[in-house]
K.L.:
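Below is the structure I would like to discuss, written out as structure tokens.
Note that these values count all heavy atoms, side chains included, but never hydrogens, waters or copies made by symmetry. The structure presented is a predicted model; accordingly, all values stated were derived computationally and were not measured. Numbered from 1 within each chain, the chains take letters A, B, ... in sequence-line order.
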Amino acid sequence: MTQQPTWRRTHTCGELRPTHVGAIVTLNGWVQARRNLGGIYFLDLRDRYGLTQVVIPEAIGESVKLGPEYVLSVRGKVSARVGSQINNERATGGVEVIAEAVEVLSSSPPPPIDLSGSTETSIETRLKYRYIDLRRPAMQRNLAHRSRFINAMRRAFEAQGFLEIETPILTKATPEGARDFLVPSRVHPGEFYALPQSPQIFKQILMVAGLDRYFQVARCFRDEDLRADRQLEFTQLDMEMSFVEEEDVFSTWESVLRDTFRDAMGIELALPFPRMRWEEAMERFGVDKPDLRFGLELHAADEWAKSCEFQVFRSAVSSGGRVMGLTVAASHNLSRKDITELEALAKGIGAKGLAWWKAGVAGGSGPLAKFCATSEAARALMAAMGAAEGDTCLFIADRKSLTRKVLGELRNQLGRRLDLIPKSNGPTDPAQWRFTWVTHFPLFEWDEDARRYFSAHHPFTAPEDWSLDGALEGKEPDLGQLSSRAYDLVLNGWELGSGSVRIHRADVQQKIFSLLGIGPEEQQRKFGFFVEALSQGAPPHAGFALGLDRTTALTLGLDNIREVIAFPKTASAVDLMCDAPSQVDPEQLVEVHVRCVVPAPSPDSTPTASATPSAPPTASAPPTASATPITGAPPGAMPTPNPAR
RNA sequence: GGGGACGUAGCUCAAUCGGUUAGAGUACCGGCCUGUCACGCCGGUGGUUGCGGGUUCGAGUCCCGUCGUCCUCGCCA
């Protein structure tokens, strides 16, 4: 046995209990706080597992600086705390370690982030010093939860015979959908890989290959603008299975989610989740991701509107639009000011106005009252709106899609403002987890700007009618009317994931491409390999992918996925810690055959903070790199005039 | 690309109608303190008010531009 002292820990900072009293232990961790009372010196040592109080003898305390966030190895004897010394707020509060030797493993300046939890640091500072932010117990809890959740899900899929199979990160650009991230090829000048928006084609080909059941924790990349619930790169639990249809996918996921919620959180989900066709979701809630935790459903007033004297309502219906509304119970005391604010919101979304009526058999009040003068008309409208005396009805009259959209948004707003979402009885309350499947999304959506149809889900989605309403036989169907076999999983107003029954027939797949305006030559170039695969023994198959960032955030009660991603980017797609993206050496561009063309920076916008660091400039930021619009190109190759010269 | 909010000490914030030397809490440093655990008490250091212009006798405050952060619309098959 060696007597050599060592810094290596014998216990974690969350481990010691009164049963350890008397033991000689070594703890490793960060200095969380110091309390020097003169003759006695306390120090809290922190690691992922908890906080332990260390008593520092005067001799040690005076001989070595132990600053905040210093990393220490403390050897000492576990001592019981008695009476008022016991701290019941901490798991380790019954004991403390009397230090006999302290080794400073690492020092630190005072941290830019408050780790005691007393003040909330700006997200900007948190992202810049993410390594310190991630020391916070809240962030460690979030990442631990994410890890447990994903691992539970892995076990659940494995238990059902799914194989975890990796697919390429460097792959082929996809023509439709989100913007691709491109990666230039060094070996093939002028050619590019794309990062996958999802493993879609690969997982379908795995089905063609007979793997039968696939899943993967898959990173996906989409070069679109960020949001609180969207990052450039995000993680999906992606899966696909053969010889199945919708209900097989649903029941697989329901049992996986049941097991996952049970294992990771001790929550028993209520199964099965309700199923709802897209059309029903839109008609009842105005959105394709309804929050089922509260009512306030949309009511159709089209029949009433048809025969009323209000010209706006009548013309909306007669021109093919809708008149629909929400009924807010009288007990909520919706004020004129509230209605004015809601109208502004509605107009912001595109509504021309917001009609309202305070319901009453005697005609009620508000702008619509004069059209409800007869008790017959008033009663009919109350019936259509499910309104009682004194309730406030809010109406939108417009084309169908806009009417639903506006009312769906108003419903969600009112749900928050009127506090309609019931207070949960803790996370184990099944009423808090209102999952629903939304099925039969439209197959195509009209894009007004591009003047053509796009796939609502993706072009590999099976149509509800395999004949495509006769299109396969050469007829011309109304593409806007076709229904698909795509589905979403929705939880409390969030879209957690989506999937579909896929097209496994080459002829149908080719027809879909044609209907989307992708001609035979383009099909061959972009999807030839895929259609060929479908033609060589493809089984019927279906799949789904669950957004893990959203799901883990939601299951922690958080509304921003940054809180469950170790190294997220800002709303402008910047990694503040690494300062990515950044310029690269001209030689690197030459090597991948890329010439960089950027607008010349205006004199005022020359970066000051990043371009003039106190450290000497490095090779990656040559003085010329920010002053010329072209890097890695010979002078004279400038394709655009420089307005600054 | 559009809209809104914000940017002041390491951190979180204040600063009246444009008016004295830009303050507070916290952190940090020093002193005192033997049972604290957000220790306490006393003292101190710490500021290009994001950056650049402009208006003004005078700008943290008003105007223009710009950069950054957040939310959001477009966008996200």
K.L.:
For D225(A) and G1(B), give me the distance from atom CG to atom C1', rounded to whole Å.
P.N.:
9 Å

K.L.:
I want to know whether F221(A) and F234(A) have ring centres closer than 6.0 Å.
P.N.:
no

K.L.:
Can you measure E445(A) atom CD to G74(B) atom P for me and round it to whole angstrom units?
P.N.:
12 Å

K.L.:
How long is the line joining CG of L115(A) and P of U26(B), in whole Å?
P.N.:
18 Å

K.L.:
Can you tell me how far P in G54(B) sits from the matching atom in A5(B), rounded to whole Å?
P.N.:
27 Å

K.L.:
Name every residue in residues 501-514 of chain A that has at least one heavy atom under 4.0 Å from any atom of RNA chain B, in order of residue number, or write none if there are no such residues.
P.N.:
none

K.L.:
Ignoring hydrogens and angles, tell me if any N or O in the side chain of T171(A) forms a donor-acceptor pair with the backbone of P196(A) under 3.5 Å.
P.N.:
no

K.L.:
Would you tell me if any nitrogen or oxygen in the side chain of R230(A) comes within less than 4.0 Å of OP1 or OP2 on C73(B)?
P.N.:
no

K.L.:
U45(B) and C28(B): how far apart are their C1' atoms, nearest whole angstrom?
P.N.:
9 Å

K.L.:
Over 60° means perpendicular and under 30° means parallel, so tell me whether Y129(A) and Y131(A) are parallel, tilted or perpendicular.
P.N.:
perpendicular

K.L.:
Scan nucleotides 10-12 of chain B against the protein and return all N/O pairs shorter than 3.5 Å with their distances rounded to 0.1 Å.
P.N.:
{"unit_1": "U12(B)", "atom_1": "OP1", "unit_2": "S122(A)", "atom_2": "N", "d": "2.6"}
{"unit_1": "U12(B)", "atom_1": "OP1", "unit_2": "S122(A)", "atom_2": "OG", "d": "3.2"}

K.L.:
Sugar-phosphate means primed atoms, P, OP1 and OP2; the rest is base. With that split, encode nucleotides 36-44 of chain B 5' to 3' as B, S or - using protein heavy atoms under 4.0 Å.
P.N.:
BBBB-----

K.L.:
Name each donor-acceptor pair under 3.5 Å that joins a side chain in residues 48-56 of chain A to protein atoms two or more places apart or in another chain, with its distance.
P.N.:
{"unit_1": "T52(A)", "atom_1": "OG1", "unit_2": "C13(A)", "atom_2": "O", "d": "2.5"}
{"unit_1": "Q53(A)", "atom_1": "OE1", "unit_2": "R35(A)", "atom_2": "NH2", "d": "2.9"}
{"unit_1": "Q53(A)", "atom_1": "NE2", "unit_2": "E96(A)", "atom_2": "OE1", "d": "2.9"}

K.L.:
For RNA chain B, which residues in residues 63-70 of chain A have a heavy atom at a distance below 4.0 Å?
P.N.:
K65(A), P68(A)

K.L.:
In sequence, state the C-alpha distance, the side-chain angles, and the governing distance for S108(A) and E69(A), and then conclude on side-chain hydrogen bond (donor to acceptor under 3.5 Å, both in side chains).
P.N.:
CA-CA 6 Å; S108(A) 171; E69(A) 296 307 306; over 6 Å; no

K.L.:
Students often get this wrong, so: under 4.0 angstrom with heavy atoms, is K405(A) touching a base, only sugar-phosphate, or nothing?
P.N.:
sugar-phosphate

K.L.:
Please determine whether side-chain hydrogen bond (donor to acceptor under 3.5 Å, both in side chains) holds for the pair H440(A) and E279(A), giving the CA-CA distance in whole Å, both sets of side-chain angles, and the decisive distance to 0.1 Å.
P.N.:
CA-CA 8 Å; H440(A) 297 90; E279(A) 178 61 28; over 6 Å; no

K.L.:
Hey, what's the ring geometry for W466(A) with H504(A), parallel, tilted or perpendicular (30° and 60° as the breaks)?
P.N.:
perpendicular

K.L.:
Parallel, tilted or perpendicular: which describes the rings of W446(A) and Y453(A), with under 30° parallel and over 60° perpendicular?
P.N.:
perpendicular

K.L.:
Does the side chain of T461(A) come within less than 4.5 Å of I503(A)'s, by heavy atoms?
P.N.:
no

K.L.:
Cut-off 3.5 Å, no hydrogens considered: what does the side-chain donor-acceptor table look like for residues 343-352 of chain A, sequence neighbours left out?
P.N.:
{"unit_1": "E343(A)", "atom_1": "OE2", "unit_2": "L354(A)", "atom_2": "N", "d": "3.2"}
{"unit_1": "K352(A)", "atom_1": "NZ", "unit_2": "D398(A)", "atom_2": "OD1", "d": "3.2"}
{"unit_1": "K352(A)", "atom_1": "NZ", "unit_2": "D398(A)", "atom_2": "OD2", "d": "2.8"}

K.L.:
Round to the nearest Å and state the distance from E224(A) atom CD to U72(B) atom P.
P.N.:
16 Å

